[in-house]
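Below: one structure, written as structure tokens.
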Amino acid sequence: MHPALSLCAAALVASTALGGANTPPPSPDDHRLSRFYQQRIDWGPCPASYDASMRCGHLTVPLDYTDPAKGTVDLALTRFPATGHPRLGALVFNYGGPGSAGVSTLAERLQDLHRTERYRDLAESYDLVGFDPRGIGQSAPISCGGALPLQNSDAADGAGLLRATEAAQRACQAHSGPVLPYVGTVNVARDLDVLRQALGERKLNYLGWSYGTRIGATYAAQFPQRTGRMVLDGVDTLSDSLADQALDTARGRQRAYDAFLDWCTDLPGCVSSGTNRTEANERTEALIAQLDEKPLDVKGGAKFSGRDLALALVNNLYAPRQWPDLARGLGSLVRDRGPSGLLESAEPESDNEAAAWAAVSCADYPDRGVGGDPKAFQQQLDRLRPEFLDVSRIFGPAQLTEIAFCHSWPAPVDPTADIRHVDAPPMLLVGVRGDPATPYPWTEQTARVLGNAVVLDYKGEGHTGFGRSDCVNQYIERYLLEGRLPHSTAACPAEAVDAEGHEAVRPS
């Protein structure tokens with residue numbers, strides 16, 4: 001789930017374009033798809049900035065699996081060959097979003113392979129594979145011409161929100177190619193099965209983070225007999241409506257900010273030192289209101305508003321190692337009225353990331369609200385606003401705007417509708433108690449929906465658990481490398497965060 005998108009509009013996605021969750025999944029034996037399932041990847045050199053051992057390639061998949069004659073799209077791939085023996089096969093990664101490019105992200109993560117143990121054990125036994133999902137990164141990227149995200153839309157103005165989403169949707173259509181109507185998790189999961197076959201794997205071994213967990217769950221529902229070892233970290237919801245997701249996300253962000261404030265108020269010299277959490281929250285609320293009323297001037301003629309501050313807070317809550325930077329930036333803003341320390345983290349997503357987030361979200365969820373009626377939508381906003389503000393006056397307003405996502409768009413078939421007690425091997429689901437993007441209750445919800453999942457409860461902070469906790473790492477690696485899962489829900493202790501943002505296991 002992306003932190004930087006306070007409001008997105010939908011790409012126009014017809015329900016027939018996606019193929020519903022009830023459509024039988026494609027098979028390697030389906031003659032219409034045989035040419036896709038018979039591919040082998042021609043691995044070649046990667047850009048010079050990548051690790052020298054990495055190889056790059058592409059995979060061709062149909063735009064529409066129900067009518068492969070409509071056209072194709074090429075997916076960008078990268079592969080880091082296993083460094084040791086025995087080799088267990090390929091392990092496919094997805095870094096979430098929707099909108100995160102898998103090829104460049106894997107390349108970045110592997111730059112420090114020799115300095116960290118984060119991927120070292122996995123890289124010895126698996127070929128590590130990254131891919132850019134359709135419409136993202138180097139895989140026929142979609143665009144909204146810079147019309148997204150809509151950072152300055154007012155959550156109190158229903159008619160304005162609807163006009164903004166309609167204008168952004170027109171921009172998405174104008175700037176994107178033929179792949180736009182065919183993005184969405186159902187088709188990405190089907191692409192994964194073509195990738196599995198092209199890699200020469202009988203079953204898909206997969207590690208997905210955040211939105212990538214929805215892709216993994218959808219794959220397991222479509223292809224249970226082809227699912228191998230699957231880890232879902234920072235688990236997305238499979239059951240909540242967009243409005244419920246927005247409310248849960250506001251609640252999760254406030255809980256994460258509370259954890260930061262607890263850390264900061266106990267730290268000498270920190271911006272909120274000497275106060276308590278309630279007082280520090282009230283100061284933040286007042287500062288956001290002041291900046292919305294009178295934004296600060298920044299270099300280049302831009303403005304720094306309260307909405308920008310709320311966005312900077314969110315983007316610095318994804319990992320405790322960012323807390324010291326957030327504390328310094330807030331301190332400078334409070335003492336000197338200088339936002340320079342927060343400007344970079346208040347930057348919105350790239351055009352492609354924002355477009356993909358909007359298009360995939362509205363392809364996946366059938367929420368269409370009141371059908372674009374401004375008066376009815378305003379009534380809906382007015383009814384929901386007290387609940388969102390009660391959850392968080394800092395993060396609630398921006399999240400409330402997200403219910404405007406898909407108003408008036410044709411409703412696709414919900415890709416999660418058939419995900420019930422999936423007949424696939426047991427999966428490992430990692431939930432983080434202090435996650436600002438995928439709140440922990442979603443882990444438990446998704447485990448109940450899947451019916452074959454074991455939950456790992458990480459009681460720490462930040463978005464996703466792998467690489468943040470030695471305990472979490474051990475559970476994930478034990479499963480992926482040895483196939484061993486806990487018999488029931490397991491737990492990992494929280495990590496203490498020192499003044500430099502470093503985490504270490506708290507003493508028992």
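Note that the numbering runs from 1 along the sequence shown for the chain.
- Under the 30°/60° scheme for interplanar angles, the aromatic rings of Y95 and W209 are found to lie parallel.
- When every heavy atom of A359 is checked against every heavy atom of L180, the shortest pair comes out as CB-CD1, 4.2 Å.
- Screening R170, Q169, H175 for a side-chain hydrogen bond (donor to acceptor under 3.5 Å, both in side chains) involving Q173 leaves a single residue, Q169.
- Residue pairs that meet the disulfide (SG to SG under 2.5 Å) test with at least one member in residues 173-212, sequence neighbours left out, do not exist here.
- Looking at T83, L88, L207, V92 one by one, the single match for side-chain contact (heavy atoms from CB on, under 4.5 Å) with Y126 turns out to be L88.
- With a 4.5 Å cut-off on side-chain heavy atoms, F304 and L342 count as touching.
- In this structure T446 satisfies the side chain to side chain donor-acceptor pair (under 3.5 Å) test with no other residue, sequence neighbours excluded.
- You'll find the side chain of L480 stays beyond 4.5 Å of the side chain of N205, heavy atoms only.
- Rounded to the nearest 0.5 angstrom, D236 CG and Q245 CD are separated by 6.0 Å.
- Legend: residues meeting side chain to side chain donor-acceptor pair (under 3.5 Å) with S345, ordered by chain and number and at least two apart, are N316.
- In this structure, OG1 in T438 is found 11.5 Å from CZ in R214, a value given to the nearest 0.5 Å.
- D67 pairs by the salt bridge (Lys or Arg N to Asp or Glu O under 4.0 Å) definition with nothing, not counting sequence neighbours.
- When the salt bridge (Lys or Arg N to Asp or Glu O under 4.0 Å) test is applied to R87, the partners found at least two apart in sequence or on another chain are D127, E201.
- Here the two rings, on Y119 and F93, have centers that are under 6.0 Å apart.
- Atom-to-atom distance recorded for F395:CZ and L313:CG is 5.0 Å, nearest 0.5 angstrom.
- With hydrogens and angles left out, the side-chain atoms of Y211 and S100 include no donor and acceptor closer than 3.5 Å.
- The closest donor-acceptor contact from the side chain of D435 to the backbone of T464 lies under 3.5 Å.
- Residue H463 comes nearest to P436 through the heavy atom pair N-CD, 3.9 Å, listed as atom of the first residue, atom of the second, then distance.
- Ion pairing between a basic and an acidic side chain is recognised when a charged N comes within 4.0 Å of a carboxylate O; D193 and R190 show no such pairing.
- Residues satisfying the salt bridge (Lys or Arg N to Asp or Glu O under 4.0 Å) criterion with D423, sequence neighbours excluded, are absent altogether.
- Residues L232 and Y206 are in side-chain contact: their nearest non-hydrogen atoms beyond the backbone lie under 4.5 Å apart.
- Side-chain atoms of K303 and D308, non-hydrogen and from C-beta on, never get closer than 4.5 Å to each other.
- In this structure the side chain of N187 never reaches within 4.5 angstrom of the side chain of V61, judged on heavy atoms.
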| task | For I41 and L195, run side chain to side chain contact (heavy atoms under 4.5 Å, CB included): C-alpha distance rounded to whole Å, both residues' side-chain angles, the deciding distance at 0.1 Å, then the answer. | result | CA-CA 9 Å; I41 301 162; L195 174 58; 4.1 Å; yes
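- A heavy-atom distance below 4.5 Å is found between the side chains of R307 and D292.
- In this structure, L317 CG and Q254 CD are separated by 9.5 Å, a value rounded to the nearest 0.5 Å.
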| said: Applying side chain to side chain contact (heavy atoms under 4.5 Å, CB included) to F131 and V188, what does each step give before you reach the verdict? | reply: CA-CA 11 Å; F131 73 105; V188 175; 4.2 Å; yes
| message | side chain to side chain contact (heavy atoms under 4.5 Å, CB included) for V231 and Y479? Distances and angles first, verdict last. | response | CA-CA 8 Å; V231 176; Y479 174 50; 3.6 Å; yes
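- Between A217 and L450, the shortest heavy-atom contact is CB-CD2, 4.0 Å.
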